[in-house]
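Here is the structure we will look at.
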2 protein chains.
Amino acid sequence: MIRVGIMGYGNLGKGIECALRDAKDMTLTAVFTRRSPETVSIQTPGVPVCFAGDIEDWKEKIDVLILCGGSATDLPEQTKQYAKLFHVVDSFDTHAKIPEHFANVDAAAKASNHVAMISIGWDPGMFSLNRLYANAILPDGKDETFWGKGVSQGHSDAIRRVEGVKNAKQYTIPIEEALQKVRAGEQPALTPRHKHLRECFVVAEDGADHKKIEETIKTMPNYFADYDTIVHFVDEETFVSEHSGMAHGGFVIRSGKTGLSKEHTATIEYSLQLDSNPEFTANVLVAFARAAMRLASDGVSGCKTVFDIPPAYLSDKSGEELRKTML
Amino acid sequence: MIRVGIMGYGNLGKGIECALRDAKDMTLTAVFTRRSPETVSIQTPGVPVCFAGDIEDWKEKIDVLILCGGSATDLPEQTKQYAKLFHVVDSFDTHAKIPEHFANVDAAAKASNHVAMISIGWDPGMFSLNRLYANAILPDGKDETFWGKGVSQGHSDAIRRVEGVKNAKQYTIPIEEALQKVRAGEQPALTPRHKHLRECFVVAEDGADHKKIEETIKTMPNYFADYDTIVHFVDEETFVSEHSGMAHGGFVIRSGKTGLSKEHTATIEYSLQLDSNPEFTANVLVAFARAAMRLASDGVSGCKTVFDIPPAYLSDKSGEELRKTML
């Protein structure tokens, strides 16, 4: 049995706890939190909730620690720190900072002979894998990624920083017409506005100027100015009842050319539709935690991403069984 | 440069020749045929066409041999034979015989210190990979594979064996209603008839009994009896002008449950739309030929499938570049 620890018990940590129930070869050993452990109640009887500061005591009792913190400030510190004690898996998703994070984590993991998997999830993660496979197979082609329909945490946060906004949620919605053109292999030139619509649900403070809020959102650089944006004002009750979900998804499509005169089109599409974004991400993390153990038992150490993992290592089935049932 | 040989110059072999033009790290060294080499003319100036029987002379001049024969009689003999001389890649697609083929090829490749990749293509191949990834991520779920719209060689051959049939082509067509239900995560119970329609275009011999041919096709066990089948009779000219294409494609969909009470649905879909089935298959084979060389340079030998290959090995880019551009 692979002994797994969870660092951080937010939506992702809760998802890991659920995912481990379906993993017959893994067991949840402990949950770590920076809060007072007695204030955190988990769903798995008999499993202790421990203070994050005491984690060194668990060095011999946990094989893989799954890190469920945020990419902005938690993971850049935590992953390299905990890679000194355990095999670790994180979902670091700040694309631009991946090379730096990789280098830091790689050094720590190699020094302590651990495997550290970073940027695991669906994007980065499964979407990245599909970009890589599709690019290797269709070198002469073009990629497009569409996200949604789903909640963008970053955009929702940006709206909440607008004066007079009490709460907000932003849905990223892929534009069907663009999706169809890409699927048809037309390789259209698409601006951000062609690809995604941004729909916002805003709870305003009492007496706030709705018109001004709407204008501020729609003209916000980087986040909204380059898109068609729809702003709805809703009351608190509607917001809670209709906009508390965590659904998300998206599409990675590559179309390319084959043939002597590049006369044929081939299109590869990978898509996800997820009722719960954090639970799905958790399932991906758990599969890669299994792979971390396999790599470690091969004598491998250092930082790895989805690109480095033989797919069979994600499964609890033997090579023989996989070839018989899935090939 | 990876020096590549092609064994067999049919549709797949021609596809490999095209695919190698886009592979900057690979070069086509020779094409081998069981026909008289002077009767075979290829599209790449300066590359020799050689008799298959003389292939031992090329032992030091070729790194990877891509085998483009058929699964029924060619590959079961060729792959294990040529694995003694080169790293090899084949597209063996008789699912039920994969374990036996694997064992034979593994022994030959290990004995001569070569890497042999078998069952590479899209099904088996990319579809298998997507089944594996999706099963590892969503252990509590259900898979469905739909094929088409595209030509089934096996079904076309079966029709051609019917008395009075001069030529025939059979299109496998996925049924949209079933596809939608699977996509929606409904996990419906589907019989073959629910999933695929079979549409046949038949050129009959002069004076043949059309009604009898149609009846024979529609009631043919295994191939057609379990499906709704449409039979069209067309003249030779129409057949050649409208039914010479080699388009194909399909969908691998897994839907599963996540959450504490399995209250959430997640759906993973991978699909291909290919104007040319053999050219796309060739592109997949070429990417895995590159991976064979990488594995060999790691000191690995033996038989491998898509399940065993770290995805990064399919790309000609460095790990650093992949992380920067695709993760």
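With a threshold of 4.5 angstrom between heavy atoms, B:Asn130 approaches chain A through side-chain atoms but not through N, CA, C or O. Contact annotation for B:Thr305: only side-chain heavy atoms (C-beta onward) come within less than 4.5 Å of a heavy atom of chain A. For chain A, the nearby part of B:Ile309 is the backbone; its heavy atoms alone come within less than 4.5 Å. Contacts of B:Val306 with chain A are made by both backbone and side-chain atoms, with heavy-atom separations under 4.5 Å. Contacts of B:Gln43 with chain A are made by side-chain atoms alone, with heavy-atom separations under 4.5 Å and no backbone atom involved. Contacts between B:Asp123 and chain A at a heavy-atom distance below 4.5 Å involve the side chain alone, from C-beta outward. For chain B, no part of A:Ile253 is nearby; none of its heavy atoms comes within less than 4.5 Å. Of the atoms belonging to B:Leu285, not a single heavy atom falls under 4.5 Å from chain A. Heavy atoms of B:Leu314 lying under 4.5 Å from chain A belong to its backbone as well as its side chain.
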Practice item. Please test A:Leu274 against B:Thr258 for side-chain contact (heavy atoms from CB on, under 4.5 Å), starting from the C-alpha separation and ending with a verdict. Key: CA-CA 9 Å; A:Leu274 315 172; B:Thr258 66; over 6 Å; no
Practice item. Take B:Asn283 and A:Leu138 through the test side-chain contact (heavy atoms from CB on, under 4.5 Å) and record every step on the way to the result. Key: CA-CA 7 Å; B:Asn283 278 29; A:Leu138 294 174; 3.8 Å; yes
Exercise for review: Could you check B:Met126 against A:Tyr133 for side-chain contact (heavy atoms from CB on, under 4.5 Å), going step by step and ending with a plain yes or no?
Suggested key: CA-CA 9 Å; B:Met126 297 311 297; A:Tyr133 277 119; 3.8 Å; yes
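Between B:Pro310 and A:Asp308, the shortest heavy-atom contact is CB-O, 3.6 Å. Looking at every heavy atom in both residues, A:Phe307 comes nearest to B:Leu322 through CE1-O, 3.5 Å. In terms of heavy atoms, A:Leu327 sits closest to B:Pro124 at O-CB, 3.1 Å. Considering every non-hydrogen atom in both B:Leu132 and A:Ser315, the closest pair reads CD1-CB, 3.7 Å.
If you tally non-hydrogen atom pairs under 4.5 Å between each of B:Ser119, B:Gly259, B:Ala287, B:Ser276 and chain A, the highest count goes to B:Gly259. Counting heavy-atom pairs closer than 4.5 Å to chain B, the top residue among A:Leu260, A:Val284, A:Leu129, A:Thr325 is A:Leu260. Chosen from A:Asp316, A:Asp275, A:Val286, A:Asp93, the residue pairing most often with chain B at heavy-atom distances under 4.5 Å is A:Asp275. Contact count versus chain A (heavy atoms, under 4.5 Å) is highest, among B:His264, B:Lys317, B:His95, for B:His264. Per-residue heavy-atom pair counts under 4.5 Å with chain A were compared for B:Pro311, B:Ser128, B:Cys18, and the maximum is reached by B:Pro311. With chain A as partner, the option from B:Lys24, B:Arg290, B:Arg21, B:Lys324 having the largest number of non-hydrogen pairs under 4.5 angstrom is B:Arg21. Contacts with chain A were tallied for B:Pro139, B:Ala247, B:Ser255, B:Ser271; B:Ser271 has the most, counting heavy-atom pairs under 4.5 Å.
Within 6.0 Å of NZ in A:Lys142 there are more than 12 heavy atoms belonging to other residues, nucleotides or ligands. Within 6.0 Å of the CD atom in A:Glu263, the count of heavy atoms belonging to other residues, nucleotides or ligands exceeds 12.
In this structure, A:Arg323 satisfies the cation-pi test against B:Phe102, with its NZ or CZ atom closer than 6.0 Å to the six-membered ring centre and inside 45 degrees of the ring normal.
Under the 4.0 Å criterion applied to side-chain N and carboxylate O atoms, A:Lys262 and B:Asp22 are assigned as salt-bridge partners.
Side-chain contact between B:Met326 and A:Asn135 is present, with at least one heavy-atom pair separated by less than 4.5 Å. Put simply, the side chain of A:Thr265 does not reach to within 4.5 Å of the side chain of B:Gln273, judged on heavy atoms.
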